[in-house]
Every structure is written in C-alpha cells, then in structure tokens.
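Here's the structure we're looking at; comments come further down.
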Amino acid sequence: LLTQNILAYALVAWTRVDHAAGHSTGTKFGGGLEVQIPSSPFTLAMEYQRADYRDGFLTNADEIMLRLRYKFSIGGAAPTK
C-alpha cells in the first residue's frame, strides 16, 4: 500500500485470443493503482497492460482500463471501508 487508501500492483498473465484464422497466445505485463473512495464501499482502479503475442495476426497490444468496483459482503456483514 502506498497509503491506507491507495494500492499499487503489478501483474503478469498468459493470454489467448481466438479469431477467424485460429488463435494467438502470448503474455501480458502491467500494473495499476487502486484507490478506495473515502467513506464508500467503492474503489476506482486504473490499469495498464502490454500484451505480446507469439503467433497469429496480432503482434502486441497496449490496454488501459478504468474500473469501478463495489465491495459487497455475504451474510449480512457491512462492507469494509
């Protein structure tokens, strides 16, 4: 955690994309920041991913995502803030 409400993270993933000519496989590398919205069960995240494909028509892709998450609880407990 950078602060109590900000999380920085890195990621590594394997990816597969199916298309008309078959499929392409590759790896993804990236990272992001996730911020807890004060007094709320919501978090806001911004993430960057670089995908490198080894075969097929795709060679690479840059992805930027903005995500809003709601943290809910099961069993009646209040969401953590």
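Residues passing the ring-ring contact (aromatic ring centres under 6.0 Å, His included) test with Y48, sequence neighbours excluded: none. For R50, the salt bridge (Lys or Arg N to Asp or Glu O under 4.0 Å) criterion is met by D52, D62, not counting sequence neighbours. Listed by chain and number, the residues in a side-chain contact (heavy atoms from CB on, under 4.5 Å) with A13 are K28 (sequence neighbours excluded).
Here I6 contributes atom CD1 and L44 contributes atom CG; the two are 11.0 Å apart, rounded to the nearest 0.5 Å. The OG1 atom of T27 sits 5.5 Å away from atom CZ of R54, with the distance rounded to the nearest 0.5 Å.
Residues I37 and N5 fail the side-chain proximity criterion, which asks for heavy atoms closer than 4.5 Å. Using a 4.5 Å heavy-atom threshold, the side chains of M46 and L33 count as separate. Between E47 and L11, some side-chain heavy-atom pair lies under the 4.5 Å cut-off.
Between R67 and Y9, the shortest heavy-atom distance links the atoms NH2-OH, 3.4 Å. Looking at every heavy atom in both residues, Y53 comes nearest to A61 through CE1-CB, 4.5 Å. Taking every heavy atom of both residues into account, P41 and Y70 meet most closely at CG-CE1, 3.1 Å.
Residue pairs meeting the salt bridge (Lys or Arg N to Asp or Glu O under 4.0 Å) criterion with at least one member in residues 5-17, sequence neighbours excluded: R16-D18.
Judged by distance alone, with hydrogens and angles left aside, the side-chain atoms of Q36 form a donor-acceptor pair with the main-chain N or O of F42 at under 3.5 Å.
Grouping Ile, Leu, Val, Met, Phe, Trp and Tyr by side-chain contacts under 4.5 Å, direct or through others, puts F29 with V12.
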